[in-house]
Amino acid sequence: MTRESADETLERRLESLQFAAGSSVRVRILRTLADGDRTSDDLKRRLDVPRTTLRRNLVELTDRHWIDHDAAADAYGLTPAGELVLSGVEDAIEPVGAATDVGAFLRDLPVSPPVAPSALAAAEITVATEADPFRPVSRVREHLDGTGRVRGFVPVINPVYVSAVADLQSDAVPFEFVTDAAAIETLRDTHRDAFDLLLASPTADLYVADSVPEYGIALLDEHVFVGGYDGTMRPNSILRADRGEHRSIVEWATDAFDRVRARATPLD
């Protein structure tokens with residue numbers, strides 16, 4: 001008998017992984033059976049999938065001996081092999097998902113942060129979707145409420161951020177903001193009330209730089225945000241780093257802000 005080569009072993013194992021993780025229905029079946037045996041009717045009720053889809057996946061999982069079937073009781077249970085498969089899939093989902101988010105974030109960033117990929121993966125990354133294109137902006141907005149100080153820079157003006165900053169001034173929250181002349185002009189022309197409020201506020205300091213990096217930084221009391229933009233300069237991804245947990249990201253973002261702030265001048 002010919003011994004299986006390393007490449008053949010890899011191909012076979014990858015096929016099994018692809019099969020296991022290639023369907024959310026299969027993963028959900030394994031997860032449900034990890035809590036105990038279930039009848040097909042119970043699985044149908046819990047998973048809320050078409051009966052034909054459920055039946056097909058149950059047959060395929062049984063054929064691989066990842067689950068077994070008691071025909072008399074119409075009950076399905078997880079086999080020891082199925083437990084191993086579920087454990088492996090669960091272990092892969094989180095890091096692969098994190099890597100996907102890191103890739104999307106770095107794609108939107110015009111610089112390469114001097115931060116280990118594992119540090120980026122440990123932070124929270126929010127990426128815009130077709131269903132919710134404003135997810136990154138909304139995430140920052142949530143954390144602006146209740147903060148005691150905000151410093152940052154952005155390359156373009158976003159209406160949601162403008163509204164949030166105006167609310168901060170109502171609470172007299174210290175605010176230090178850097179952008180370029182074009183963004184200031186946009187703020188003045190399209191958000192005149194907010195612009196006048198910021199100019200008149202004793203706790204708001206606006207600065208103008210000749211140029212601002214094509215990404216955003218927001219330094220809050222407990223969190224640091226780094227925002228990436230798509231090709232049309234719309235916010236597309238946001239990374240949130242906690243000051244107590246993600247030191248390398250916080251240090252890099254703070255240094256980036258300090259360098260932009262150092263070459264900016266106060267808005268007259």
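These numbers were taken from a predicted model, which means no experiment stands behind them. We're numbering straight along the sequence, starting at 1.
Looking at every heavy atom in both residues, Val260 comes nearest to Pro213 through CG2-CD, 3.6 Å. In terms of heavy atoms, Pro136 sits closest to Pro133 at CD-O, 3.9 Å. When all heavy atoms of Ala204 and Leu198 are compared, the pair lying nearest together is CB-O, 3.6 Å. Summarising the geometry of Ala183 relative to Ile157, their closest heavy-atom pair is O-CG1, 3.2 Å, with the distance given to 0.1 Å. Here the closest non-hydrogen pair linking Val111 and Pro113 is O-CD, 3.4 Å. Here the shortest heavy-atom pairing between Arg107 and Asn236 reads NH2-ND2, 3.2 Å.
Heavy atoms of other residues, nucleotides or ligands lying less than 6.0 angstrom from CG of Asp48 number 12 at most. Other residues, nucleotides and ligands contribute over 12 non-hydrogen atoms within 6.0 Å of the CZ atom of Arg64. Counting non-hydrogen atoms of other residues, nucleotides and ligands closer than 6.0 Å to CZ of Arg149 gives a total of 12 or fewer. Heavy atoms from other residues, nucleotides or ligands lying under 6.0 Å from CG of Asp91 number more than 12. Atom CD of Glu222 is surrounded by 12 or fewer heavy atoms from other residues, nucleotides or ligands within 6.0 Å. By the 6.0 Å contact criterion, CD on Glu60 is enclosed, its count of non-hydrogen atoms from other residues, nucleotides or ligands being greater than 12.
Within the 4.5 Å cutoff, the side chain of Leu58 has no heavy atoms near those of the His69 side chain. Using a 4.5 Å heavy-atom threshold, the side chains of Asp108 and Tyr215 count as separate. Counting heavy atoms from C-beta on, the side chains of Ser40 and Arg55 never come closer than 4.5 Å. Side-chain atoms of Leu54 and Ile29, non-hydrogen and from C-beta on, do get closer than 4.5 Å to each other. At a threshold of 4.5 Å between non-hydrogen side-chain atoms, the residues Asp180 and Ser211 do not count as touching. Side-chain contact between Val85 and Phe19 is absent, with no heavy atoms from C-beta onward closer than 4.5 Å. Side-chain contact check for Ile184 versus Arg188: some heavy-atom pair is nearer than 4.5 Å. Proximity of Leu206 to Phe175: side-chain heavy atoms (C-beta onward) are separated by under 4.5 Å at one or more points.
Checking side-chain atoms of Arg135 against main-chain N and O of Ala128 turns up no donor-acceptor pair under 3.5 Å. At least one donor-acceptor pair under 3.5 Å links the side chain of Arg243 to the backbone N or O of Asp221. Between the side chain of Asp255 and the backbone N or O of Glu251, no donor-acceptor pair lies under 3.5 Å. With hydrogens and angles disregarded, a donor-acceptor distance shorter than 3.5 Å links the side chain of His246 to the backbone of Asp242. Arg28 contributes a side-chain N or O that, together with a main-chain N or O of Leu47, makes up a donor-acceptor pair within less than 3.5 Å. At distances below 3.5 Å, not a single donor-acceptor pair connects side-chain atoms of Thr39 with backbone N or O atoms of Asp74. Side chain of Thr100 to main chain of Val96: a donor-acceptor pair is present (N/O by atom type, distance under 3.5 Å, no hydrogens or angles). Using a distance-only test at 3.5 Å, with no hydrogens or angles considered, no donor-acceptor pair links the side chain of Ser201 to the main chain of Leu197. Between the side chain of His65 and the main chain of Thr79, no donor-acceptor pair closer than 3.5 Å is present.
Leu30 CG to Ser87 OG: the interatomic distance, rounded to the nearest 0.5 Å, is 11.5 Å. The distance from atom CZ of Phe134 to atom CG of Asn158, rounded to the nearest 0.5 Å, is 8.0 Å. The CG atom of Asp41 lies 5.0 Å from the CZ atom of Arg51; values are rounded to the nearest 0.5 Å. The CD1 atom of Ile249 sits 5.0 Å away from atom CG of Leu120, with the distance rounded to the nearest 0.5 Å. The CD atom of Glu124 lies 9.0 Å from the NE2 atom of His223; values are rounded to the nearest 0.5 Å. Between the OG1 atom of Thr53 and the CZ atom of Arg26 there is a distance of 11.0 Å, given to the nearest 0.5 Å.
Using a cut-off of 4.0 Å between Lys/Arg side-chain N and Asp/Glu carboxylate O, Asp258 and Arg261 are scored as not salt-bridged. Ion pairing between Glu15 and Arg12 fails under the 4.0 Å rule for side-chain N and carboxylate O. Between Asp196 and Arg192, at least one side-chain N (NZ, or NE/NH1/NH2) sits under 4.0 Å from a carboxylate O, which counts as a salt bridge.
Residues Leu144 and Val173 share a hydrophobic cluster, clusters being chains of Ile/Leu/Val/Met/Phe/Trp/Tyr side chains in contact below 4.5 Å. Under a hydrophobic clustering in which Ile, Leu, Val, Met, Phe, Trp and Tyr are joined whenever their side-chain heavy atoms come within less than 4.5 Å, directly or via other members, Leu43 and Val49 fall into the same cluster. There is no path of hydrophobic side-chain contacts, each under 4.5 Å, that joins Ile238 to Val102. Placement of Leu267 and Val154 within a single hydrophobic cluster is found when ILVMFWY residues are connected by side-chain heavy-atom separations under 4.5 Å, directly or transitively.
With Phe225 as reference, Val140 is the one residue of Leu219, Ile217, Thr126, Val140 to meet the side chain to side chain contact (heavy atoms under 4.5 Å, CB included) rule.
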- Task: Take Val226 and Trp252 through the side-chain contact (heavy atoms from CB on, under 4.5 Å) test and state the conclusion after the steps.
- Result: CA-CA 10 Å; Val226 183; Trp252 169 75; 3.8 Å; yes
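Taking the six-membered ring where tryptophan is involved, the planes of Phe257 and Phe153 are essentially parallel, since the angle between them stays under 30° and well short of 60°.
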